There are 2 protein chains.
Amino acid sequence: MANISSPIPEKTIERLSEYRRTLVKCHAQGITHIFSHVLAGMHGITAVQVRRDLMLIGFSSDTKKGYDVKVLIDFINGILYSEQPMNMAIIGMGHLGQAVTKYFNGKGLKLRITAAFDIDERKVGSTIDNIPCYHIDEFEERAAELDISIAIVSSPTSVASTLVLPIINAGIRGVLNFTSAPLNFPQGIIVENYDITTLLEKVAYFVKVAEENNN
Amino acid sequence: MANISSPIPEKTIERLSEYRRTLVKCHAQGITHIFSHVLAGMHGITAVQVRRDLMLIGFSSDTKKGYDVKVLIDFINGILYSEQPMNMAIIGMGHLGQAVTKYFNGKGLKLRITAAFDIDERKVGSTIDNIPCYHIDEFEERAAELDISIAIVSSPTSVASTLVLPIINAGIRGVLNFTSAPLNFPQGIIVENYDITTLLEKVAYFVKVAEENNN
DNA sequence: TTTTTTTGTATTATATATTTACAATCCCTC
DNA sequence: GAGGGATTGTAAATATATAATACAAAAAAA
């Protein structure tokens with residue numbers, strides 16, 4: 001079990017998620033052991049970085065033949081996931097919502113999307129990608145009833161601010177906000193803002209700077 | 001014009017993009033001037049942060065009645081955007097590709113999506129959200145011909161690695177990678193990895209930690 | 001046994017971000 | 001138009017986060 005007193009850096013968590021995926025792929029190919037420098041090479045980073053990340057989560061190997069792939073996968077799972085599966089809901093089952101759902105479908109993760117909410121009458125009451133779709137007005141009661149921990153906001157930006165209160169009231173613990181609206185949640189609710197417009201502008205800016213420096 | 005010798009931090013660029021959007025909204029409402037602490041409040045940050053960001057891009061106001069909204073918008077535009085509009089292409093016009101396109105359509109930005117690429121025969125040759133869709137095999141020639149600077153990779157993860165070479169050959173300068181595949185591009189090409197699975201796992205992890213600490 | 005390889009970890013370095021502090025200037029009110 | 005308050009611009013200090021260096025210890029291989 002990870003040490004609660006020493007928080008694991010965000011970047012490390014991101015890399016663990018990536019290592020895990022790579023390891024699962026290796027495991028499927030029958031690879032049983034992997035050296036830190038091999039795993040590092042697959043991600044374009046250094047072996048020390050890998051070892052340090054594993055140190056931070058308290059993982060250690062008693063052999064020098066590389067890490068046992070299966071054991072490491074299970075260990076990372078123990079860090080990233082709770083004992084109990086965690087349920088997520090998508091608010092806004094448009095293109096983005098469906099894309100996110102597809103990314104998770106059938107992955108067999110402890111993390112799963114179990115409900116969708118929308119206002120489109122054609123969607124409400126139906127099932128999209130095996131996920132039942134409810135009307136957004138039902139969010140508070142349904143989310144509580146279905147034990148939803150995380151809300152993925154993929155609605156239009158214009159309505160995002162109206163979702164803040166229902167999300168709080170439903171007892172949601174974490175929010176992934178894809179809209180451009182800066183949502184203000186009280187402390188205690190983890191919010192990750194993931195605004196695609198901002199991201200693209202950032203890439204464009206650095207491309208622009210790189211071009212200017214070449215001239 | 002921004003000073004090339006002093007690179008602007010990534011976080012500042014992100015905030016500038018956010019300020020800009022807020023300012024545009026204010027401008028539309030007829031607000032002509034805005035104080036640093038008001039702008040800060042709208043984003044849940046401090047006034048010093050706002051002023052420092054503006055300092056970094058060389059903006060200064062000669063008045064104490066707050067910043068001139070219109071002037072500031074134009075100044076930020078000058079930082080974020082090139083003189084010439086920058087063209088972007090979407091590779092993989094599935095749900096995610098269409099969602100991204102919708103986010104940009106009609107925004108009138110200097111940054112615009114002008115082409116899509118896919119393998120689906122129903123999409124190739126047609127127009128989706130006013131964007132012409134070509135076959136991925138044509139990517140190299142089309143991208144060069146259409147003066148594409150940025151590629152948005154929203155294809156399935158499984159085919160992402162096959163796109164690396166065409167992207168390099170087409171002279172693409174920046175890549176926004178939505179897939180889980182760690183794409184290795186040569187130095188000089190700006191890559192932003194934006195893996196949704198990793199992101200959700202990160203949110204879930206911090207929710208899990210918060211819950212554990214509450215017990 | 002000796003050499004090589006690999007791991008685990010402390011320390012150092014670097015980069016980035018934010019806050020504090022304060023002088024300078026403008027605006028408003030009296 | 002003078003004083004007080006508000007606002008801006010910026011230097012400096014602090015804090016935070018991240019990655020690189022260095023090296024001891026242990027296992028594996030020769």
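In what follows, chains carry the letters A, B, and so on, assigned in the order in which the sequence lines appear, proteins first and then strands, with residues in each chain numbered from 1. Just so it is clear, the values below take in all heavy atoms, side chains as well, and ignore hydrogens, waters and symmetry mates. Quick caveat, the model's predicted, so the values are computed rather than measured.
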*Just how large is the angle between the end axes of the helix from dT1(C)-dA30(D) to dC30(C)-dG1(D), five pairs per end, to 10 degrees?*
10°

*Can you sort out the partners of F35(A) under ring-ring contact (aromatic ring centres under 6.0 Å, His included), two or more places apart, ordered by chain and number?*
H37(A)

_For nucleotides 10-15 of chain C, give me one character per nucleotide, 5' to 3': B if any protein heavy atom sits under 4.0 Å from the base, S if the only such contacts are to the sugar-phosphate, - if neither._
------

*5'-most by nearest nucleotide on DNA chain D - Q49(A) or S61(B)*: S61(B)

*Nearest-Å distance, CG (D53(B)) to P (dG9(D))?*
13 Å

Please output the side-chain donor-acceptor pairs of residues 53-73 of chain A that fall under 3.5 Å, not counting sequence neighbours, one pair per line with the distance.
residue, atom, partner, partner atom, Å
D53(A), OD1, T12(A), OG1, 3.0
D53(A), OD1, R15(A), NH2, 3.1
D53(A), OD2, R15(A), NE, 2.7
D53(A), OD2, Y19(A), OH, 2.7
S61(A), OG, T63(A), N, 3.3
S61(A), OG, T63(A), O, 3.2
T63(A), OG1, K65(A), N, 2.9
D68(A), OD1, K70(A), N, 3.1
D68(A), OD1, V71(A), N, 3.1
K70(A), NZ, D74(A), OD1, 3.4
K70(A), NZ, D74(A), OD2, 2.9

_Test item: D195(A) side-chain N/O and L199(A) main-chain N/O as donor-acceptor pair under 3.5 Å_ = no

*Partners of Y194(A) by ring-ring contact (aromatic ring centres under 6.0 Å, His included), sequence neighbours excluded?*
F178(A), Y194(B)

Taking N or O atoms only and anything under 3.5 Å, show me the protein contacts with nucleotides 5-7 of chain D, one pair per line.
residue, atom, partner, partner atom, Å
dT7(D), O2, K64(B), NZ, 3.3

*Would you mind reading off the distance between H33(B) atom NE2 and dC26(C) atom P, rounded to a whole angstrom?*
14 Å

*Kindly write out the residues that satisfy side-chain contact (heavy atoms from CB on, under 4.5 Å) with E140(B), not counting sequence neighbours, or none if the list is empty.*
P166(B), N169(B)

*How long is the line joining CZ of F59(B) and C1' of dT10(D), in whole Å?*
16 Å

*asked:* What is the distance, to the nearest angstrom, from the CG atom on D62(B) to the P atom on dC26(C)?
replied: 8 Å

*Partners passing side-chain contact (heavy atoms from CB on, under 4.5 Å) against T32(B) (at least two apart in sequence or in another chain)*: none

*Round to the nearest Å and state the distance from L54(A) atom CG to dT6(C) atom C1'.*
13 Å

*Starting from P on dT16(D), measure out to NZ on K11(A) and report it in whole angstrom.*
17 Å

*Could you pull out all residues at least two apart from E18(A) that satisfy side-chain hydrogen bond (donor to acceptor under 3.5 Å, both in side chains)?*
none

*Excluding sequence neighbours, so at least two apart, what forms salt bridge (Lys or Arg N to Asp or Glu O under 4.0 Å) with R142(A)?*
E138(A), E145(A)

Can I get a per-line list of side-chain donor-acceptor pairs under 3.5 Å for residues 146-156 of chain B, giving both atom names and the distance, sequence neighbours left out?
residue, atom, partner, partner atom, Å
S154(B), OG, I91(B), O, 3.3
S154(B), OG, G92(B), O, 2.7

_Integer-rounded Å distance: dG8(C) P and F75(A) CZ_ = 11 Å

*Send over the distance from L72(A) CG to dT6(C) C1', rounded to a whole Å.*
15 Å

*Can you list the residues that meet the side-chain contact (heavy atoms from CB on, under 4.5 Å) rule with S82(A), with sequence neighbours excluded?*
M86(A), K208(B)

*Using a strict 4.0 Å threshold on nitrogen-to-oxygen distance, state whether E83(B) and K110(B) make a salt bridge.*
no

